[in-house]
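This report concerns only the one structure given below.
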Amino acid sequence: MYNKADISKLGQLNQLAQRPNQAFHKWNAAVFKDGALSAKLKETIAIASATVTGCPYCIEIHTGAAQQAGVTKEEAAEAIFVATALKAGSAFAHSANSLRAYEGATDEGLYEKAYFAKTGALQKLAPEAFTTFINFSNEAVAPGVLTAKEKEIIAVAIAHITGCPYCIELHVTNAKAQGVTAEELAETVFVASALNAGSAFAHSINVLNAFQ
């Protein structure tokens with residue numbers, strides 16, 4: 001169902017829906033240009049983002065683009081662990097809401113900043129899993145071949161893909177503390193947006209293959 005050679009079929013979209021196809025590609029090209037963030041860092045973000053969207057075509061395309069931009073395998077590995085930690089972190093953070101639901105909370109608000117404190121209950125309820133998760137999360141964003149700033153930028157992108165409001169709040173705050181500018185933040189959001197969109201775009205291959 002997923003074959004590398006099928007990527008060439010994306011060209012059909014230019015005949016089937018030329019104007020939106022060309023607008024998509026123009027936007028995508030603008031997103032990945034050097035700007036406040038380097039093209040190299042953008043492709044590092046893209047690798048991490050593609051592992052979260054789960055699009056095999058995006059992984060293939062952006063891994064190739066990342067290598068051309070000078071991303072090393074070690075940098076890619078660290079970016080993937082940031083993505084892994086953020087995807088796990090989204091489920092962890094949403095436990096604030098599951099615990100409130102379990103306790104029968106009746107107020108109308110579903111997502112309030114103050115609710116995040118409820119996650120602390122997991123330390124008592126599942127102590128070993130809690131402790132090892134926190135250790136993993138800290139290790140994932142600790143500086144390595146990627147800087148702490150670069151890892152927080154990646155974390156912000158992944159938080160936007162998972163859609164976790166608690167994660168967005170936490171990692172935007174952390175990113176700002178690492179010196180991330182508003183311009184860098186904006187470009188990060190657009191890389192995440194492009195990878196989310198790119199997953200839908202690339203999966204059109206399966207529609208084209210299935211269409212009779």
Side-chain angles (χ1 to χ4, degrees), residues 1-73 75-84 86-87 90 146 149-164 167-168 171-172 175 180-211:
M1 194 170 186
Y2 292 100
N3 297 304
K4 191 185 297 188
D6 284 348
I7 292 173
S8 63
K9 294 180 180 179
L10 290 171
Q12 294 179 37
L13 294 176
N14 200 48
Q15 284 73 48
L16 297 167
Q18 185 179 72
R19 289 175 61 184
N21 180 71
Q22 292 181 355
F24 169 78
H25 283 291
K26 186 175 182 179
W27 169 54
N28 196 67
V31 167
F32 284 95
K33 286 181 179 177
D34 275 308
L37 301 178
S38 68
K40 177 184 175 182
L41 181 53
K42 289 180 177 183
E43 288 297 348
T44 307
I45 297 167
I47 288 176
S49 298
T51 65
V52 176
T53 66
C55 173
Y57 304 116
C58 300
I59 292 170
E60 177 72 20
I61 290 167
H62 285 286
T63 298
Q67 287 179 293
Q68 289 186 345
V71 177
T72 67
K73 188 177 280 190
E75 289 170 327
E78 288 195 1
I80 289 165
F81 273 115
V82 175
T84 304
L86 264 291
K87 197 164 186 183
S90 177
L146 296 175
K149 177 181 176 180
E150 289 170 331
K151 289 190 173 184
E152 286 299 341
I153 286 171
I154 295 167
V156 168
I158 303 306
H160 280 79
I161 291 174
T162 65
C164 172
C167 302
I168 292 171
H171 288 285
V172 168
V180 172
T181 66
E183 291 77 13
E184 289 173 324
L185 177 65
E187 291 192 3
T188 299
V189 170
F190 274 117
V191 174
S193 298
L195 265 291
N196 249 353
S199 177
F201 173 80
H203 277 89
S204 68
I205 291 169
N206 300 90
V207 177
L208 294 169
N209 284 342
F211 208 90

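Along the sequence shown, residues are numbered consecutively beginning with 1.
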Quick one: closest heavy-atom pair of [X] and [Y], and the distance?
{"X": "A83", "Y": "A48", "value": "CB-O, 3.6 Å"}
{"X": "T53", "Y": "L195", "value": "CG2-O, 4.0 Å"}
{"X": "H160", "Y": "A192", "value": "CB-CB, 4.3 Å"}
{"X": "G70", "Y": "K40", "value": "O-CE, 3.5 Å"}
{"X": "A39", "Y": "D34", "value": "N-OD1, 2.7 Å"}
{"X": "V191", "Y": "A46", "value": "CG1-N, 4.2 Å"}

Short side-chain to backbone donor-acceptor contact, [X] and [Y], under 3.5 Å:
{"X": "E183", "Y": "A36", "result": "no"}
{"X": "T162", "Y": "A159", "result": "yes"}
{"X": "S204", "Y": "A200", "result": "no"}
{"X": "K42", "Y": "V31", "result": "yes"}
{"X": "K149", "Y": "V180", "result": "no"}

Candidate pair I45 and L37, rule side-chain contact (heavy atoms from CB on, under 4.5 Å), full reasoning: CA-CA 10 Å; I45 297 167; L37 301 178; 4.1 Å; yes
Nearest 0.5 Å please: distance from the [atom1] atom of [X] over to the [atom2] atom of [Y].
{"X": "D6", "Y": "S8", "atom1": "CG", "atom2": "OG", "result": "6.5 Å"}
{"X": "Q12", "Y": "I205", "atom1": "CD", "atom2": "CD1", "result": "9.5 Å"}
{"X": "N28", "Y": "S193", "atom1": "CG", "atom2": "OG", "result": "11.0 Å"}
{"X": "I47", "Y": "T51", "atom1": "CD1", "atom2": "OG1", "result": "9.0 Å"}
{"X": "L10", "Y": "N21", "atom1": "CG", "atom2": "CG", "result": "8.5 Å"}
{"X": "S49", "Y": "E43", "atom1": "OG", "atom2": "CD", "result": "10.5 Å"}

Under 4.5 Å between any side-chain heavy atoms of [X] and [Y], yes or no?
{"X": "F32", "Y": "H62", "value": "yes"}
{"X": "L86", "Y": "H171", "value": "yes"}
{"X": "N206", "Y": "Y57", "value": "yes"}
{"X": "F201", "Y": "L13", "value": "yes"}
{"X": "H203", "Y": "P56", "value": "yes"}

